[in-house]
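Just below is one structure, and these are the notes that go with it.
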Amino acid sequence: MLLAERPTPAPPPVTYRAVLGTRHVVRLLAGTLTGRMPSGMIPVALVLWVTAAGGSLTAASTLAAVYGLASGLAQPVKGRLMDRHGQTRVSAPAAAVANGSLLALPVIGADGSMWAVAATVALAGVASPPLESGLRSLWQTVVTDPGQRKVIQALDTGSQGLLYVTGPLLATWLAAAYGADAALLATAVLGLLGATVVLTSAPSRTWRPRPIGEAAVRRGEGPRLASGGLVLLCTGLAGIGFALGALTVWAAAMAEAHDTGWLTGVLPAAFSTGSFLGGLLFARLPRRAAPGTQLIVTAALFAAGWLGLLAQPGPQAAIGAAALPGLFLTMAITSGFETVDTLAPASRATEAYAWLILAVGTGQAAGTALAGRFAGHLLVLSTLPVAGAVLAVAVFALSRPALGPRRRPGRHRRTSTPPSRSHPARRRRNVHRRCYGLSGGSWDS
């Protein structure tokens, strides 16, 4: 008599308490957020620093774009170096150079040589430590449960929004209370502190990339990273970054148009608050669709959220209009990271994450620079974030077939000679292989 099979109990629900209680998680999250604080503070701090010295908003936005572009372009190089040499040997000197450059800006002065200022800002961007892509690689070893890993990845992306809540507000407050130089100095100190917390942790010090086996090299998963899907993914994410870059200039223009200086920091903070809340929601939502499908849906919601800007809202309504698209930013970016996991080989994961960050940063710099050209035209500035988000949706939708997992050469190859049907033993053996996923001619086990 056959025994009745007992139903497999459902796994317990993943909670934030369980995820955050995992060893090293809180330290890595807090350290990375602190170390990446320059990303949230520098655009606003540079705008306030230049305009306080009598410079134009166009010049200030250009400097912010230079920092974002330099930081983004250097990310893949640093990611590849980390995949080869580990995190500490790459990020430690990078953090020292980047934050040292920020400390040098008040010495040069906003009224000094514009070329010297631009070069220093560019150096700070180029040397910015790749803490975000490094953290994405660390989660594979720190959080081993797949369900918890999905939660922590969404929580990680959503918490990045805190950079753009506290960063602009902190930079605005420091500049108003102690001067724009103080905002830049505080940015450098926070960057050094956060990098130190992360790089001295055990997971970061001992992390090494997954080695490439000979079988993986034969399958084409060795040194090759570029693929059509990854290029299209980065192109679409650049559109999302474009919307983010235009937001900063739109906020500054709104503050000037309505003579309310606090809008410069409050509007990006409202957007980022929405991003944080969206991340908390997305981390708990059941996700059964493929990452590529999730990416299209969340990007479409992100684009729809920007439509409120076209109504030319007043100062109070503008806060809500800025928060709405933020709700869907974390969802889109998290889906982008999960799509990268299906496209890139594990041995080059850090570099692949860095390319994604480069795409967003490049789009952000382009959005900031172009928006700076239309600083006095609120209607044009309101349309730029919508245009960037719509571009992202179009790219993702058109490239949906390429955003699936990479096909391994030979995996689905059919044999030229079909198996004989005249031998029952051979037919049973083939069925057994298909059921248990076996291949080859050996039955030794």
pair Leu81-Pro130: side-chain heavy atoms closer than 4.5 Å:
no
Distance col, row Met41:CE vs Thr166:OG1, nearest 0.5 angstrom, shows 8.0 Å
Any idea which heavy atoms bring His258 and Pro313 closest together, and the distance?
NE2-O, 4.3 Å
Ile152: which of Leu29, Val142, Leu135 passes side-chain contact (heavy atoms from CB on, under 4.5 Å)
Leu29
Chi angles and distances behind the side-chain contact (heavy atoms from CB on, under 4.5 Å) call for Thr196, Leu193
CA-CA 5 Å; Thr196 301; Leu193 176 63; 5.6 Å; no
Pair Thr32, Glu132: side-chain N/O donor-acceptor within cut-off below 3.5 Å:
no
I would like to know whether Thr200 and Arg27 meet side chain to side chain donor-acceptor pair (under 3.5 Å); could you show each step before the answer?
CA-CA 10 Å; Thr200 56; Arg27 174 174 179 170; 2.8 Å; yes
Would you say that Leu267 contacts Met254 through its side chain, given a criterion of any heavy-atom pair below 4.5 Å between the two side chains?
yes
So which heavy atom on Leu381 is nearest to which on Ala253, and how close?
CD1-CB, 3.4 Å
May I have the list of side-chain donor-acceptor pairs in residues 232-247 shorter than 3.5 Å, sequence neighbours left out?
{"residue": "Thr235", "atom": "OG1", "partner": "Val231", "partner atom": "O", "Å": "2.8"}

Could you give the distance from CD1 (Ile108) to CG (Leu105), rounded to the nearest 0.5 Å?
5.5 Å
How are the rings of Phe302 and Phe271 set relative to one another: parallel (under 30°), tilted (30 to 60°) or perpendicular (over 60°)?
perpendicular
Distance-only, no hydrogens or angles: does the Asp83 side chain make a donor-acceptor pair with backbone N or O of Glu351 under 3.5 Å?
yes
Check whether any side-chain N or O of Thr330 sits under 3.5 Å from a backbone N or O of Ser275 as a donor-acceptor pair, and report yes or no.
yes
Polar contact flag, side-chain donor to acceptor under 3.5 angstrom, Thr368-Thr248:
no
Sub-4.5 Å side-chain heavy-atom contact between Leu324 and Leu307
no
Just so I know, are the side chains of Val297 and Met331 near enough to count as touching, which here means a heavy-atom distance under 4.5 Å?
no
Rounded to the nearest 0.5 Å, how far apart are NZ of Lys78 and CG of Leu358?
10.5 Å
Under 3.5 Å, which donor-acceptor pairs link side chains of residues 86-97 to any protein atom two or more places apart or in another chain?
{"residue": "Gln87", "atom": "OE1", "partner": "Ser204", "partner atom": "OG", "Å": "3.1"}
{"residue": "Gln87", "atom": "NE2", "partner": "Gly134", "partner atom": "O", "Å": "3.0"}

Would you say Ser101 and Thr120 are linked by a side-chain donor-acceptor pair, where the criterion is simply a distance under 3.5 Å?
no
So, for Leu309 and Pro385, which heavy atoms are closest and what is the spacing to 0.1 Å?
CD2-CG, 4.1 Å
Look up atom OH in Tyr67 and atom CD1 in Ile42, then write down how far apart they are to the nearest 0.5 Å.
3.5 Å
Return the minimal non-hydrogen interatomic distance between Val249 and Ser61, and the atom names on each side.
CG2-CB, 4.2 Å
Return the CH2 to OG1 distance between Trp139 and Thr22, rounded to the nearest 0.5 Å.
9.0 Å
If I compare all heavy atoms of Ala303 with all of Val393, which pair ends up nearest, and what's the gap?
CB-CG2, 4.1 Å
If every non-hydrogen atom of Pro106 is compared with every non-hydrogen atom of Leu185, which pair is closest and at what distance?
CG-CD2, 4.0 Å
Considering only heavy atoms from C-beta outward, does the side chain of Thr34 approach that of Val197 to under 4.5 Å?
no
Can Thr62 and Arg373 be counted as having a side-chain donor-acceptor contact under 3.5 angstrom?
no
Test Leu138 against Trp207 for side-chain contact (heavy atoms from CB on, under 4.5 Å), laying out the working first.
CA-CA 7 Å; Leu138 289 178; Trp207 180 87; 3.7 Å; yes
State, with a plain yes or no, whether a side-chain heavy atom of Leu295 is found less than 4.5 Å away from one of Glu338.
no
Please step through side-chain contact (heavy atoms from CB on, under 4.5 Å) for the pair Phe282 and Ser335, ending with a clear verdict.
CA-CA 10 Å; Phe282 194 57; Ser335 298; 3.8 Å; yes
Quick check on the 6.0 Å ring-centre criterion: do Trp250 and Phe374 meet it?
no
Test side-chain contact (heavy atoms from CB on, under 4.5 Å) on Ser201 and Leu28; report intermediate values, then the result.
CA-CA 8 Å; Ser201 67; Leu28 292 173; 3.5 Å; yes
Starting at CH2 of Trp49, measure out to CG of Asp111 and round the result to the nearest 0.5 Å.
8.5 Å
